[in-house]
Amino acid sequence: MIQIQTVKTKIGELLLGSFEDRLCLLDYKYRKMRSAVDNRIQRAFGCGYVEESNDLLKEAEQQIEQYLHGHRKEFSIPYLFAGTDFQKSVWTALAKIPYGKTVSYLELSRSIDNEKAVRAVAAANGANSMSIIIPCHRIIGSSGELVGYAGGLDVKKRLLILEGSFHNQQSLDLV
């Protein structure tokens, strides 16, 4: 079974899940694609969800809180992707974007040597089931605008402000 738990944070409720001692889910509980993401994960691992905690989920919760309070820039949680080979290549490239840096969908497409796949890269980015750890919030539009995010653009903006990569910080404060 995939062990899941809900965690309340200052950016909303997150759903965490682990399978075989690796994180396979860290996502916004109330996102639009919730059922599609859950179905994909359960199909990939051939089992359902059970609501219970474990040491890995507790550690993931602790690391997320540290990140949200500005005390962590990298995560040390083992994880497992549930998706197509193409999606996995996009998510692997996303994981390499450093804290405090943003890139466009085009730049992300180039990083996987598939410059013409911008729309497919955007779709894979939107299907990411491990927000924050696999930092899809660091993807922006080609002209620098904030575009789509499972947690909403307001949360995306707050995360980028936290990381110092969004400089219009007016009244958004995470701490």
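The basis for the numbers below is simple: all heavy atoms, side chains too, and nothing from hydrogens, waters or symmetry mates. Source: prediction; values computed, not measured.
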Say whether [X] and [Y] are linked into one hydrophobic cluster, either directly or through other cluster members, by side-chain heavy-atom distances under 4.5 angstrom.
X: Ile41; Y: Leu56; result: no
X: Phe75; Y: Leu80; result: no
X: Leu16; Y: Phe45; result: no
X: Phe86; Y: Leu108; result: yes
X: Leu57; Y: Leu68; result: yes

inquiry  = Parallel, tilted or perpendicular: which one describes the rings of Tyr67 and Tyr99, with boundaries at 30° and 60°?
reply    =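 The arrangement is perpendicular - the two ring planes meet at more than 60°.
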His71 and His69 aromatic ring geometry - parallel, tilted or perpendicular at 30°/60° bounds =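 Geometry flag for His71 against His69: parallel rings.
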Donor-acceptor check, side chain of [X] to backbone of [Y], threshold 3.5 angstrom: yes or no?
X: Glu52; Y: Val50; result: no
X: Lys156; Y: Ile139; result: yes
X: Ser104; Y: Glu107; result: yes

Under 6.0 Å from the [atom1] atom of [X], do we count more than 12 heavy atoms belonging to anything else shown?
X: Asp21; atom1: CG; value: no
X: Lys88; atom1: NZ; value: yes
X: Glu145; atom1: CD; value: yes

message = Is it the case that the side chains of Ser53 and Gln5 hold a donor-acceptor pair, with the cut-off being a distance below 3.5 Å and no angle test?
response =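 Per modelled atom types, Gln5 and Ser53 side chains form a pair under 3.5 Å.
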Atom pair [atom1]/[atom2] of [X] and [Y] - distance to nearest 0.5 Å:
X: Ile4; Y: Ile2; atom1: CD1; atom2: CD1; result: 8.5 Å
X: Ile112; Y: Ser89; atom1: CD1; atom2: OG; result: 4.0 Å
X: Gln3; Y: Tyr49; atom1: CD; atom2: OH; result: 13.0 Å
X: Lys96; Y: Lys101; atom1: NZ; atom2: NZ; result: 14.5 Å
X: Ile133; Y: Asp27; atom1: CD1; atom2: CG; result: 11.5 Å
X: Tyr149; Y: Arg31; atom1: OH; atom2: CZ; result: 9.0 Å

Tell me the closest heavy-atom pair linking [X] and [Y], and the distance in Å.
X: Leu106; Y: Ser142; result: CB-OG, 4.5 Å
X: Ile140; Y: Leu160; result: CG2-CD1, 4.5 Å
X: Gly17; Y: Leu23; result: O-CD1, 3.3 Å

task = Could you check Leu26, Val7, Val37, Leu25 and say which one makes a side chain to side chain contact (heavy atoms under 4.5 Å, CB included) with Leu15?
result =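 Among Leu26, Val7, Val37, Leu25, the one that satisfies the side chain to side chain contact (heavy atoms under 4.5 Å, CB included) with Leu15 is Leu25.
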Are any of the side-chain heavy atoms of [X] and [Y] separated by less than 4.5 Å?
X: Gln63; Y: Ser76; value: yes
X: Ser129; Y: Cys24; value: no
X: Pro135; Y: Leu159; value: no
X: Thr6; Y: Leu14; value: no
X: Tyr28; Y: Thr9; value: no
X: Glu163; Y: His137; value: yes

query = Please walk me through it: do Val147 and Tyr105 pass side-chain contact (heavy atoms from CB on, under 4.5 Å)?
reply = CA-CA 10 Å; Val147 292; Tyr105 289 114; 3.5 Å; yes
inquiry  = Can you tell me which residue among Arg34, Arg40, Gln42 is in a side chain to side chain donor-acceptor pair (under 3.5 Å) with Asp38?
reply    =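 Passing option: Arg34.
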query = For Arg158 and Ile161, what are the C-alpha separation, side-chain angles and deciding distance, and is it a side-chain contact (heavy atoms from CB on, under 4.5 Å)?
reply = CA-CA 5 Å; Arg158 292 175 71 188; Ile161 289 169; 5.6 Å; no
key: Evaluation steps, ring-ring contact (aromatic ring centres under 6.0 Å, His included), between Phe81 and Tyr79   = CA-CA 7 Å; Phe81 292 133; Tyr79 54 82; 5.3 Å; yes
request  = Apply side-chain contact (heavy atoms from CB on, under 4.5 Å) to the pair Glu65 and Gln62, showing each step before the final yes or no.
outcome  = CA-CA 5 Å; Glu65 284 301 318; Gln62 182 180 19; 5.9 Å; no
Distance-only donor-acceptor hits, side chain of residues 113-128, under 3.5 Å, sequence neighbours excluded:
unit_1: Glu115; atom_1: OE2; unit_2: Arg110; atom_2: NH2; d: 3.4
unit_1: Asn128; atom_1: OD1; unit_2: Met130; atom_2: N; d: 2.9
unit_1: Asn128; atom_1: ND2; unit_2: Ile134; atom_2: O; d: 2.8

